[in-house]
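The block underneath contains the structure these notes are about, expressed in structure tokens.
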Amino acid sequence: MELADRAVGLLLSFVSLSIFTYYTFWVIILPFVDSDHFIHQHFLPQEYAILIPVFAGVVLLCLLCVFIGFVMLKSQKKKA
């Protein structure tokens, strides 16, 4: 089981590092590259650089609130 956990951890690390590298290049380096350069074909428009993290944050916050609500309801049922 330890080998499977290590494989999952390595995969998650690789995915998060890839996303971080892509986003960093997209937001920090790409604005300084000419707009007619071929590299712009591989990236979404700059507006999405703000919209995607904001949307992901709102979804994460909503899921966190739902989880806390379920925990609170479960703890009230144990008291009764």
Side-chain angles (χ1 to χ4, degrees):
M1 192 64 167
E2 184 179 319
L3 185 61
D5 290 342
R6 289 184 120 194
V8 169
L10 183 64
L11 180 67
L12 288 175
S13 295
F14 178 73
V15 168
S16 61
L17 183 64
S18 299
I19 291 172
F20 175 76
T21 304
Y22 179 87
Y23 187 77
T24 302
F25 188 81
W26 182 26
V27 172
I28 295 175
I29 297 172
L30 201 62
F32 298 109
V33 177
D34 291 333
S35 60
D36 59 345
H37 198 270
F38 75 93
I39 196 74
H40 281 277
Q41 299 172 12
H42 303 288
F43 294 91
L44 292 172
Q46 285 289 30
E47 296 83 28
Y48 291 108
I50 300 298
L51 292 177
I52 291 173
V54 167
F55 180 74
V58 168
V59 168
L60 183 66
L61 187 64
C62 289
L63 291 174
L64 182 65
C65 289
V66 168
F67 174 74
I68 290 172
F70 278 132
V71 169
M72 290 174 65
L73 288 174
K74 194 180 265 190
S75 70
Q76 282 183 348
K77 287 182 182 177
K78 285 184 179 179
K79 288 181 182 179

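In this chain, residues are counted from 1 in sequence order. Please read all numbers here as calculations on a predicted model, not as lab measurements.
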Original post:
Among all residues two or more places apart in sequence or in another chain, which pass the ring-ring contact (aromatic ring centres under 6.0 Å, His included) test with Tyr48?
Top reply: none

Subject >> Test ring-ring contact (aromatic ring centres under 6.0 Å, His included) applied to Phe55 - qualifying residues, sequence neighbours left out >> reply: none

Subject >> Connected-component partners of Leu60 among ILVMFWY, side-chain separation under 4.5 Å >> reply: none

Subject >> Non-hydrogen side-chain atoms of Leu10 and Phe14 separated by less than 4.5 Å >> reply: no

Original post:
Listed by chain and number, what are the side-chain contact (heavy atoms from CB on, under 4.5 Å) partners of Val15, not counting sequence neighbours?
Top reply: Leu11, Ile19

Subject >> side-chain contact (heavy atoms from CB on, under 4.5 Å) against Leu73, all qualifying residues, sequence neighbours excluded >> reply: Gln76

Side-chain donor-acceptor pairs under 3.5 Å in residues 21-31, sequence neighbours left out?
residue	atom	partner	partner atom	Å
Thr21	OG1	Leu17	O	2.8
Tyr22	OH	His42	O	3.2
Tyr23	OH	Ala49	O	2.6
Thr24	OG1	Phe20	O	2.7
Trp26	NE1	Leu44	O	2.9

